[in-house]
Amino acid sequence: MGFLKKMMAAIGVGGARVDAQVHTPAVRIGDSVTGVLVVQGGNLDQRIERVNLGLATRYRSDDSYVSHQLSKFQVIPAFELRAGERREFPFSIPVEPGTPLSLPGTQLWLATDMDIAGAVDPGDQDHLQILPSREMEVLFQGAQRLGFQLSGSEIEYHHGRIVQEISFRPPHGQYRIAEIEMMLFPQGGGLDVILEVDRRATGVASLFTSEFEQRGRWHLGAATLSAGPDAVARELEARIRALM
């Protein structure tokens, strides 16, 4: 019977399980995801080599989506788990700068994996809501001051890193543009912003294409951000008009 239990545990039947219980699933960039890891023993004693936690997302690649691990932390070192034993471990892992936001068109989750000697490694997934940093929030409020509304986002993989493109629709009848798109990179207490303006084509050009794209980059400094949404709106509008 002991041999059969070992064989079944080796393929994941009757073995140890792990469950991440998150305290607050809505977390701001720069803060931490906290909670308790519950490890439940199975039908036999097992050695847990480690338990890892991290944030994960998926990005579009051609016509499919690819899961991608954004971060990974070992939160529990090796320990012995007896059959039927229940162990609880508190955890805290950072939501690092550059983590995509939970916006329409994106998915983010807490990925848990447990390494078990000689057995299939069980895992767990818990969806999270990643909120903007304070700096990002001021920028978004500035865009709203100009009448722009968030319309969606897309996560892409560029040059070895994840990049999130955030789209905004302009107020009706203004700016003569289809939308603006932003990519945000925390830098020096401010934000490096890649801004793309999709202009509506007019005249003869509209016979061949409906939009033109213009892209620019600027550093939105801490001083402007601390001045509030109105100051950010003025700078954003100037950048948009320069690309029109």
Side-chain angles (χ1 to χ4, degrees), residues 1-131 153-157 160-162 164:
M1 183 62 71
F3 175 76
L4 180 59
K5 285 183 178 180
K6 288 181 180 180
M7 289 293 293
M8 296 298 285
I11 61 173
V13 178
R17 304 187 307 275
V18 62
D19 177 33
Q21 299 179 359
V22 178
H23 288 153
T24 306
V27 188
R28 188 182 295 276
I29 288 179
D31 293 342
S32 296
V33 181
T34 62
V36 176
L37 279 172
V38 179
V39 181
Q40 179 64 52
N43 296 331
L44 73 167
D45 296 350
Q46 291 180 294
R47 177 175 173 79
I48 311 301
E49 299 292 353
R50 67 189 63 83
V51 182
N52 301 313
L53 275 179
L55 303 185
T57 187
R58 58 174 50 94
Y59 63 89
R60 189 176 184 84
S61 177
D62 297 326
D63 295 327
S64 62
Y65 286 89
V66 179
S67 294
H68 178 81
Q69 189 90 23
L70 296 164
S71 60
K72 193 170 187 175
F73 304 92
Q74 179 179 309
V75 292
I76 305 175
F79 67 97
E80 302 292 334
L81 184 68
R82 295 178 180 175
E85 182 182 9
R86 176 187 171 98
R87 299 278 298 274
E88 295 188 2
F89 304 87
F91 70 83
S92 176
I93 65 169
V95 180
E96 299 174 322
T99 301
L101 303 175
S102 296
L103 297 172
T106 66
Q107 295 183 47
L108 292 110
W109 62 90
L110 180 68
T112 309
D113 66 86
M114 184 165 64
D115 295 341
I116 303 178
V120 171
D121 299 337
D124 187 30
Q125 291 186 1
D126 297 270
H127 284 275
L128 298 174
Q129 183 182 9
I130 304 301
L131 305 174
S153 71
E154 187 168 313
I155 296 178
E156 301 176 354
Y157 191 75
R161 67 172 174 176
I162 286 292
Q164 184 176 32

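Values reported hereafter were calculated over all heavy atoms of this structure, with side chains retained and with hydrogens, waters and symmetry mates removed.
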Between Ile130 and Ser102, which heavy-atom pair has the shortest distance, and what is it?
N-OG, 2.7 Å

CG of Leu55 to CG of Leu128, rounded to nearest 0.5 Å, is 6.5 Å

How many angstroms lie between atom CD of Gln21 and atom CZ of Phe91, to the nearest 0.5 angstrom?
9.0 Å

Closest heavy-atom pair, Ser92 versus Ser32, reported as atoms and distance to 0.1 Å, is OG-CB, 3.5 Å

From Leu108 CG over to His127 NE2, what is the distance, rounded to the nearest 0.5 angstrom?
9.5 Å

Assess whether side chain to side chain contact (heavy atoms under 4.5 Å, CB included) is satisfied between Val51 and Thr112, documenting all intermediate values.
CA-CA 7 Å; Val51 182; Thr112 309; 4.1 Å; yes

Applying salt bridge (charged side-chain N to carboxylate O under 4.0 Å, His left out), which residue pairs with at least one partner in residues 93-107 are found, sequence neighbours left out?
none

In plain terms, say whether Arg82 and Glu80 are close enough for a salt bridge, that is, a side-chain N and a carboxylate O under 4.0 Å apart.
no

Atom CZ of Arg47 with >12 non-hydrogen neighbours under 6.0 angstrom:
yes

Determine whether a donor-acceptor pair (N or O, by modelled atom type, separation under 3.5 Å) exists between the side chain of Asn52 and the backbone of Lys72.
no

For residues Gln40 and Leu81, determine if any side-chain heavy atom of one lies less than 4.5 Å from a side-chain heavy atom of the other.
no

Rounded to the nearest 0.5 Å, what separation is found between the CG atom of Asp124 and the CZ atom of Arg17?
11.0 Å

Taking every heavy atom of Val95 against every heavy atom of Arg28, the minimum-distance pair comes out as CB-O, 4.0 Å

Any non-hydrogen side-chain atom of Thr99 less than 4.5 Å from a side-chain atom of Ser71?
no

Tell me if a side-chain donor or acceptor on Gln164 pairs with a main-chain N or O of Leu101 at a distance below 3.5 Å.
yes

Which value, rounded to the nearest 0.5 Å, describes the distance between Glu156 atom CD and Arg161 atom CZ?
12.5 Å

Do Leu53 and Leu37 pass the side chain to side chain contact (heavy atoms under 4.5 Å, CB included) test, and can you show the C-alpha distance, the side-chain angles, and the key distance before you say yes or no?
CA-CA 10 Å; Leu53 275 179; Leu37 279 172; 4.1 Å; yes

May I have the step-by-step check of side chain to side chain contact (heavy atoms under 4.5 Å, CB included) for Val36 and His23, ending in yes or no?
CA-CA 8 Å; Val36 176; His23 288 153; 4.0 Å; yes

Measuring only between side-chain heavy atoms, which start at C-beta, is Ile76 closer than 4.5 Å to Ile48?
no

Smallest separation among heavy atoms of Ile162 and Tyr157, with atom names
CD1-CD1, 3.8 Å

Test log, rule side chain to side chain contact (heavy atoms under 4.5 Å, CB included), inputs Ile155 and Arg58
CA-CA 7 Å; Ile155 296 178; Arg58 58 174 50 94; over 6 Å; no

To the nearest 0.5 Å, how far apart are CD1 in Ile29 and CG in Leu131?
8.5 Å

Of all residues at least two apart in sequence or in a different chain, which pass the ring-ring contact (aromatic ring centres under 6.0 Å, His included) check with Phe79?
Phe89

Any sub-3.5 Å donor-acceptor pair from Gln46's side-chain atoms to Ala16's backbone N or O?
yes

